[in-house]
**Q** 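Provided herewith is a single structure, encoded as structure tokens, for subsequent inquiry.
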Amino acid sequence: MITEEEARARIVDQVTALPKRTVPVAVALDCFAAQDYSARLPLPGFDNSAMDGYAVVASSCNKGCRLRVVGEQAAGPDRKLRVGRGEAVRIFTGAPLPQGADAIVMQEDVRRDGLEITVQLDIEPGDFIRRRGCDLVEGQTILLRGERIRPATIALLASQGFADVIVGGKATAAVISTGDEVVKPGEELRAGQIYDSNSALLGALLERCGVSPIAVEHCRDDGNSLGDTINRAINNDVVIISGGVSVGEHDLVRQSLRALGATIEIWRVAVKPGKPFLFGWFNRESVDSAGEMAVRQKCFVFGLPGNPVSAFVTFLQFVRPAILTMSSAMNLDLPQVPAKLAVALANTGDRPHYVRGKLEQGNFSAVGRQESHALFGLSQANALLRVAAGQSLKADEIVHVQIWDW
Ligand code: AMP
Ligand code: MG
């Protein structure tokens, strides 16, 4: 049995970034930039008005002065108007600043009489003008390789005129649930049977990592069906199998993988829940997109314990970093936030324990039964606290918890 840290390091070490893709900026949400981007335009691109009002020469304009309106500049093509002392140009938000103007008077601050305005307050140079480049200068870094593309990143790329963005690859994934007791939701439940909740859980967790599972299959606990099902899934970048990785006579995943020629790199990790976790791969050969060269690729296999909380924890700690690496992400860690521990907690066991709990207004308290089958408790939790083996934490102590609903 290896440590959690070693398992994670070995996984991330094996996995490589998939070929990058060029995608329209509008559909790049939650993808990761595959290269650095810098500004090719300043923001704003030109001096412009921050208000609907009048462009004026500040030094010829104090409270009570009267100015002659000599033209109008709307947002849009620059009419190259000019403003002199004693003059004003009617202007609107986002419109280019006329030559000679160095301030905008808000329309609320003037009285208009035909082609004349009376200014009702003192004006300073620079009032309500947005200067070229004050937000962003040309050449400034706007996006780093490996950074996640968020809604505002999309807006920034669009503001720079980028129609496309180069992002990391998108893994293809298959999910296989195993177990003679497991039945698809919607079907009739007989005595001794349970509904398959892991397929839905793993599909949703994959979606959160930007991957839509291509195939979701259920398989009985028998070697032949497992072999067939796994074989059909090998053409994906990732195969996630739930259940059947433990040590019972009905846990056949490991031997089925071996029989199909998989390399099993990790089996059993010192983590609670999730000890029977398995990681390995198949080498597969495919042809490149031009149909010419043979490309050697790996299909990574993750065997997660069937208990829902174990599947959840091992997905977040081991599968997520692998998928993020494939997608060219830089930060593989779940977000961590400081929290005050509500009640003392101790881990007397010999494995680190991920305690499920609720993070509310900066306080963390364990929630529900802390057993690996306790799905309801997990559903009420929004944070994980890792308590190291032998560690005791006092009430009111500041701890760092992992969150996943970011
Ligand atoms: P296993 O890892 O196959 O030994 O299963 C451990 C526990 O997880 C057992 O109680 C199973 O019934 C349960 N389990 C296995 N697969 C699923 C699944 N797809 N959905 C919900 N529970 C499951
Ligand atoms: Mg089973």
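Each ligand, and each atom within it, is numbered from 1 in the order the structure gives. Predicted, not measured: the structure shown is a model, and the values here were computed from it.
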**Q** Which residues pass the side-chain contact (heavy atoms from CB on, under 4.5 Å) test with Asp135, sequence neighbours left out?
**A**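 Applying side-chain contact (heavy atoms from CB on, under 4.5 Å) to Asp135 gives Leu43, Pro44.
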
**Q** Hey, are Arg8 and Asp333 close enough for a salt bridge, meaning a charged N less than 4.0 Å from a carboxylate O?
**A**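 Salt bridge flag = yes for Asp333 with Arg8.
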
**Q** Counting only heavy atoms and a distance below 4.0 Å, can you name the residues contacting ligand 1?
**A**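 The 4.0 Å shell around ligand 1 contains Ser177, Thr178, Glu181, Val182, Ile194, Tyr195, Asp196, Ser197, Asn198, Ser242, Gly243, Gly244, Asp251, Pro305, Gly306, Asn307.
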
**Q** Report yes if the distance between the aromatic ring centroids of Phe282 and Phe300 is under 6.0 Å, otherwise no.
**A**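 No, the ring centres sit 6.0 Å or more apart.
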
**Q** OG1/Thr141 to OH/Tyr37 distance, rounded to the nearest 0.5 angstrom?
**A**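 Thr141 atom OG1 to Tyr37 atom OH measures 13.0 Å (nearest 0.5 Å).
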
**Q** Output every pair passing side-chain hydrogen bond (donor to acceptor under 3.5 Å, both in side chains) with a member in residues 236-249, not counting sequence neighbours, ordered by first then second residue.
**A**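 Residue pairs passing side-chain hydrogen bond (donor to acceptor under 3.5 Å, both in side chains), neighbours aside: Thr172-Asn236, Thr172-Asp237, Asn198-Ser242, Asp237-Arg284.
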
**Q** Any salt bridge (Lys or Arg N to Asp or Glu O under 4.0 Å) pairs touching residues 374-402, not counting sequence neighbours?
**A**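 For residues 374-402: Glu4-Arg386, Glu5-Arg386.
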
